[in-house]
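Here's the structure we're looking at; comments come further down.
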Amino acid sequence: MARIDLHAHSSASDGTTSPAQLVRHAAEVGLDVVALTDHDTTGGWDEAEQARPAGLRLVRGAEISCRADGISLHLLAYLFDPYDGPLADALHALRASRVGRAERMVEQLVADGVPVTWGQVQGLAGGTVGRPHVAQALVDAGLVGSLGEAFTSEWIGAEGRYWVGKEELDVVRAIELVRAAGGVTVFAHPGAAARGRTVGHDVIARMAVAGLAGLEVDHPDHTAHERTHLRRLAAELDLVVTGSSDYHGANKQVALGSHLTDESSYERLVERATGVEVL
Ligand code: AMP
Ligand code: ZN
Ligand code: FE
Ligand code: FE
């Protein structure tokens, strides 16, 4: 059985392993297929391609920051044409908004006398800047003991004291943009309730109508109960079921390859893509 992990982050967003280290690590842990899915960017694609070990298949992708009914959600996009204008512009706008938003979080911290600087956060971000970089600055300044402690209401957890929201794409628009660029989409961790509010069935049904291809069911943030429920929903809506680690290097506890996708599901996804090839 092929070992397939369809969701991993590198230092092109908020992972701690470079794209080159990520593909090497994927081969070392015995994966046959890995997807590189950095937040709102394809910035790691070239480096991963150059370093890809023989025998490892690389699915190029991204995890897009989206919104539906006022709720934040993440959309995995695979095998789209990175030069497609409308999609590339949309990803660029998301990244640009993240910069201003991270700067505002730092400004608010500084205004309260917290010893972090924008330069420090910029130095921690090797690509798409995100809250994990601000959280790392708080750890480095000795204000919190771990990244997780920064994701609370006292710091930069959702709606927290120093939290600032970011721009997000309407999820139906995002699905349409990715499809127009030849890609396929999977709703990332749809049941990760610990991160904040999750969307209801009505939204997932609307996403399916817009052309969503799959649901990420086997994810470290889902309980067994949520997985059962999502598997049933996927069957009802004829969506592909995937599993993935959402690896972030040292920024999270989870190991690359800890959650996997079936070969038949993987093939169903790849069949629908026309943007770029699996490498
Ligand atoms: P952002 O997209 O900049 O708002 O940052 C969200 C990212 O922070 C998520 O994609 C996760 O990778 C990370 N994250 C969220 N909650 C936690 C947590 N409790 N501990 C560590 N990282 C987290
Ligand atoms: Zn992340
Ligand atoms: Fe996510
Ligand atoms: Fe992710």
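Note that these values count all heavy atoms, side chains included, but never hydrogens, waters or copies made by symmetry.
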Lys/Arg N to Asp/Glu carboxylate O, Asp69 vs Arg197, below 4.0 Å:
no
Output, in order, the C-alpha distance, side-chain angles, deciding distance and verdict of side-chain hydrogen bond (donor to acceptor under 3.5 Å, both in side chains) for Gln50 and Asp46.
CA-CA 6 Å; Gln50 299 298 318; Asp46 288 350; over 6 Å; no
Starting at CG of Leu36, measure out to CZ of Arg52 and round the result to the nearest 0.5 Å.
13.0 Å
Do you know which two heavy atoms are closest between Ala137 and Val116, and how far apart they sit?
O-CG1, 3.8 Å
Does a side-chain heavy-atom distance below 4.5 Å link Thr41 with Leu91?
no
Shortest non-hydrogen pair, Ala48 vs Pro19, comes out as N-CB, 3.8 Å
Is there side-chain contact between His248 and Val254, with heavy atoms separated by less than 4.5 Å?
no
Heavy-atom side-chain proximity of Ile175 to Cys66 below 4.5 angstrom:
no
Distance, nearest 0.5 Å, that separates CG of Leu138 from CG of Leu109
5.5 Å
Under-4.0 Å salt bridge between Arg227 and Asp218
yes
Tell me, do Gln253 and Pro220 make a side-chain contact under 4.5 Å, heavy atoms counted?
no
Give me the ring orientation class for Phe80 and Trp45: parallel if the planes are under 30° apart, tilted from 30 to 60°, perpendicular past 60°.
tilted
Quick check: is Val270 connected to Val178 through a chain of hydrophobic side chains (ILVMFWY, heavy atoms under 4.5 Å apart)?
yes
Tyr266 reachable from Leu58 in the ILVMFWY side-chain graph, under 4.5 Å edges
yes
With no hydrogens and no angle check, is any side-chain donor or acceptor of Thr37 less than 3.5 Å from a backbone partner on Ala8?
yes
Test side-chain hydrogen bond (donor to acceptor under 3.5 Å, both in side chains) applied to His201 and His229, step by step
CA-CA 11 Å; His201 284 195; His229 169 80; 3.1 Å; yes
Less than 4.5 Å apart, any side-chain heavy atom of Ile4 and any of Glu263?
yes
Please determine whether residues Leu22 and Val278 belong to a single hydrophobic cluster, defined as Ile, Leu, Val, Met, Phe, Trp and Tyr linked transitively by side-chain heavy-atom distances below 4.5 Å.
yes
How are the rings of His7 and His9 set to each other: parallel, tilted or perpendicular (split at 30° and 60°)?
tilted
Parallel under 30°, tilted from 30 to 60°, perpendicular over 60°: which one fits the rings of His74 and His189?
perpendicular
Considering all heavy atoms of both residues, which atom of Leu177 and which atom of Pro86 are nearest to each other, and what is their separation?
CD2-CB, 3.7 Å
All heavy atoms of Leu73 vs all of Ile71, minimum pair found to be CD2-O, 3.5 Å
Smallest separation among heavy atoms of Ser258 and Asp5, with atom names:
N-OD2, 4.4 Å
Roughly how far apart are Glu168 CD and Ser97 OG, rounded to 0.5 Å?
8.5 Å
Rounded distance [0.5 Å steps], OG1 in Thr185 versus CD1 in Ile64
8.5 Å
Given Trp118 and Val121, is the side chain to side chain contact (heavy atoms under 4.5 Å, CB included) satisfied, shown in steps?
CA-CA 5 Å; Trp118 175 234; Val121 172; 3.8 Å; yes
Basic-acidic side-chain contact under 4.0 Å: Arg98, Asp40:
yes
Do Leu237 and Val209 belong together in a cluster built from hydrophobic side chains that touch within less than 4.5 Å?
no
Taking the side chain from Arg3 and the backbone from Gly30, do they hold a donor-acceptor pair closer than 3.5 Å?
yes
Is there a donor-acceptor pair under 3.5 Å between the side chain of Gln21 and the backbone N or O of Ser18?
yes
List the steps and the verdict of side-chain hydrogen bond (donor to acceptor under 3.5 Å, both in side chains) for Glu216 and Ser244.
CA-CA 7 Å; Glu216 189 181 52; Ser244 30; 2.4 Å; yes
Please determine whether side chain to side chain contact (heavy atoms under 4.5 Å, CB included) holds for the pair Val139 and Leu147, giving the CA-CA distance in whole Å, both sets of side-chain angles, and the decisive distance to 0.1 Å.
CA-CA 7 Å; Val139 171; Leu147 289 194; 4.1 Å; yes
Would a single hydrophobic cluster contain both Val144 and Val110, if residues Ile, Leu, Val, Met, Phe, Trp and Tyr are joined by side-chain heavy-atom contacts under 4.5 Å?
yes
Audit row: Tyr247, Lys252, side chain to side chain contact (heavy atoms under 4.5 Å, CB included) steps and yes/no
CA-CA 7 Å; Tyr247 177 73; Lys252 282 192 185 165; over 6 Å; no
Answer yes or no: are there more than 12 heavy-atom neighbours, outside Glu277 itself, under 6.0 Å from its atom CD?
no
Under 3.5 Å, is there a donor-acceptor pair linking the side chains of Asp112 and Gln108?
no
Distance-only, no hydrogens or angles: does the Arg67 side chain make a donor-acceptor pair with backbone N or O of Asp170 under 3.5 Å?
no
Glu226 and Thr223, any side-chain heavy atoms less than 4.5 Å apart
yes
Just one of Ile204, Leu239, Leu230 clears the side-chain contact (heavy atoms from CB on, under 4.5 Å) bar with Phe187, so which one?
Ile204
Say you draw a straight line from CG of Asn251 to OG1 of Thr16; how long is it, rounded to the nearest 0.5 Å?
5.5 Å
Check whether any side-chain heavy atom of Arg101 sits under 4.5 Å from a side-chain heavy atom of Arg131, and report yes or no.
yes
Go through the steps to decide whether Arg60 and Asp38 satisfy the test salt bridge (Lys or Arg N to Asp or Glu O under 4.0 Å), and finish with yes or no.
CA-CA 10 Å; Arg60 290 165 289 173; Asp38 279 305; over 6 Å; no
Shortest non-hydrogen contact from Leu169 to Leu94?
N-CD2, 4.0 Å
Between Leu31 and Leu260, is a side chain to side chain contact (heavy atoms under 4.5 Å, CB included) present by the stated rule, with each step listed?
CA-CA 9 Å; Leu31 286 177; Leu260 300 171; 3.7 Å; yes
State the CG-CD distance between Leu233 and Glu236, to the nearest 0.5 angstrom.
5.5 Å
Is the backbone N or O of Ser264 less than 3.5 Å from a side-chain atom of Asp262, with the two atoms forming a donor-acceptor pair by type?
no
Got Val241 and Leu215 here, is their nearest side-chain heavy-atom distance under 4.5 Å?
no
Step through the shown structure and confirm whether more than 12 heavy atoms of other residues, nucleotides or ligands are within 6.0 Å of CZ on Arg179.
no
Hydrogens and angles aside, do Asp14 and His133 bring a side-chain donor and acceptor to less than 3.5 Å of each other?
no
